[in-house]
**Student:** 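Take this structure, written in structure tokens, and hold onto it; I'll ask about it next.
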Amino acid sequence: MWVAGIFLLASVVFAKHEIYEGHAVYQVSVKDVAQVKQLNEISGEVNADIWSHAVPGHPGQILVSRELKDLFEEALRSAGLDYTIEVDNVKTLLDLEDQLLAEAASKSPNRTRSSGLDLDRIYTYEEVDAYLEELAAAYPDVVTLVQGGRSFEGRPIKYLKISTTNFEDRTKPVVFMESLIHAREWVTLPVTLYAIEKLVIDVQEQDLVQDIDWIILPIANPDGYVFTHGANRFWRKNRATGYMINDICVGVDLNRNFDINWSSHSSNIVCSEIFHGRAPYSEPETIVIRDIIREHIDRIELFLDIHSFGSMILYGFGTGILPPNGLILHLVGVQMATAIDAVKMSWNPNYIVGNVAMVLYEASGSAQDYAQGVGVPLSYTYELPGHRFGSGTAAGFLVDPNFIEQAGFETWEGIKAGARFARNNFRRKNDLDAQL
Ligand SMILES: *[C@@H]1O[C@H](CO)[C@@H](O)[C@H](O)[C@H]1NC(C)=O
Ligand SMILES: *[C@@H]1O[C@H](CO)[C@@H](O)[C@H](O)[C@H]1NC(C)=O
Ligand SMILES: [Zn+2]
């Protein structure tokens, strides 16, 4: 019994990240749109996992499996695309991430009730859940915890409403912010937790809480997130089953599942990372976000969907068509980006601001487009920087505890800039003014 138990434990430990043994991360540069297209085709051929899309002046990062590395490199060379191998065995990096995060967790004192979270850790779903409950209990005057629904596997999806007036003062705009709709984008979680801290526990700028009501959903995709902590660190989608015989592939890209030109620029292949599901809102996680937006549509002035990585602030529509207020969207996007750039780590690139389809690629059915489409004036996707990791420069989705607080701090600067613009230009207020 004993021996079997120990053996089982050991094999579980050693099996961790085994699926990524020998997988490599490439950095690929493109000179023009034609090369972007070529790179996408090549990536498709080797079934690569595109971590960040290359745009001219902004190299992309691409994960390729061990078996297909040679083929990939050959195709890049014959297409004349410049590349470097950033990580030649991504499993070693995954092991290092485990080690760094474990060390940080063991060094830091255990958090005490409602005094905020340590800023060098990545908290699990259960830890965040307990934290949100504690916060709501400790700050009942400003914090309301809402269970918006349950994930495919039945986990509660909870969000905070933060308000000094219990969401009853309808002259205030609402800012709605969400993270981890894509499970592997871990660094986005401490960014929303940081915002919660600055709005509830450590309030230094009173106007932000007096003038604005906030809705914050830290873990939009709980099942996917839990899965990244055990089985597969680079899982992106939710964990919906029943799409294929024997569930050979599972999961829907929740950020392609909204009812805004659904399926026009996404995939109907279940195994794809951008599989859009069987219908708009086929996924319970998407419904939760939709319903928050519906409930507060008359007051949500700013919606922020926090992703990583790429140092970008993106706005709609994913089809390349600009919303009527495209110029304002761009202007506010630049204001937010400028605020972040002013305090970012010097070695990270400046943020790029632009329309999703023009900066990156066409995409349909996203949360950002949905919010924009139903009338939220300012709707954005943040792509946080891929922060430096360990001694190297390739980071991607991997999180170095040394930069968790920085991620929260610098992104908060951008969020504040956007929130203040929303406050100053709240459409309801302007409507009221116009009637006078
Ligand atoms: C603090 O955390 C460590 C590591 O998780 C744990 O072993 C220990 O029991 C905790 N101490 C207290 C007082 O909760
Ligand atoms: C959705 O697609 C239709 C048809 O292609 C197009 O006319 C419309 O502008 C698109 N809407 C958005 C928000 O992109
Ligand atoms: Zn994402």
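Counting starts at 1 for both ligands and their atoms, following the listed order.
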**Student:** Determine yes or no for a side-chain-to-main-chain donor-acceptor pair under 3.5 angstrom, with W262 supplying the side chain and H276 the backbone.
**Tutor:**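 Looks like yes, one N/O pair under 3.5 Å.
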**Student:** Please lay out, stage by stage, how F176 and F303 fare under the test ring pair (Phe, Tyr, Trp, His ring centres under 6.0 Å).
**Tutor:** CA-CA 5 Å; F176 174 26; F303 171 63; 5.1 Å; yes
**Student:** For atom 7 (O) of ligand 2, what is the closest protein heavy atom, and at what distance to 0.1 Å?
**Tutor:** I321 CD1, 4.7 Å
**Student:** Just to confirm my numbers, could you give the angle made at the Zn ion (ligand 3) by ND1 of H182 and OE2 of E185, rounded to 10°?
**Tutor:**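 It rounds to 100°.
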**Student:** Please check if a non-hydrogen protein atom sits closer than 4.0 Å to atom 4 (C) of ligand 2.
**Tutor:**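 Given the 4.0 Å cut-off, atom 4 (C) of ligand 2 does not count as touching protein heavy atoms.
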**Student:** Output the atom name for the N/O/S atom of H307 with the smallest distance to the Zn ion (ligand 3).
**Tutor:**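 Of the nitrogen, oxygen and sulfur atoms in H307, the Zn ion (ligand 3) lies nearest to ND1.
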**Student:** Looking at the Zn ion (ligand 3), is there an N, O or S atom belonging to E383 that lies under 2.8 Å away from it?
**Tutor:** no
**Student:** Look at atom 14 (O) of ligand 2 and say whether a protein heavy atom is found at less than 4.0 angstrom from it.
**Tutor:** yes
**Student:** Give the single entry among I260, T319, N261 that approaches atom 8 (C) of ligand 2 most closely by any heavy atom.
**Tutor:**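 Shortest heavy-atom distance from atom 8 (C) of ligand 2: N261.
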**Student:** Can you confirm whether L208 sits close enough to W412 that some side-chain heavy atom of one is under 4.5 Å from a side-chain heavy atom of the other?
**Tutor:**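 In contact.
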**Student:** Specify whether W235 and F227 have parallel, tilted or perpendicular ring planes, treating 30° as the upper limit for parallel and 60° as the lower limit for perpendicular.
**Tutor:**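 If you compare the ring of W235 with that of F227, the planes turn out perpendicular.
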**Student:** If every non-hydrogen atom of S311 is compared with every non-hydrogen atom of P349, which pair is closest and at what distance?
**Tutor:** OG-CG, 3.9 Å
**Student:** Check for me whether R233 meets the cation-pi criterion with W186, that is, NZ or CZ under 6.0 Å from the six-membered ring centre and within 45 degrees of the ring axis.
**Tutor:** yes
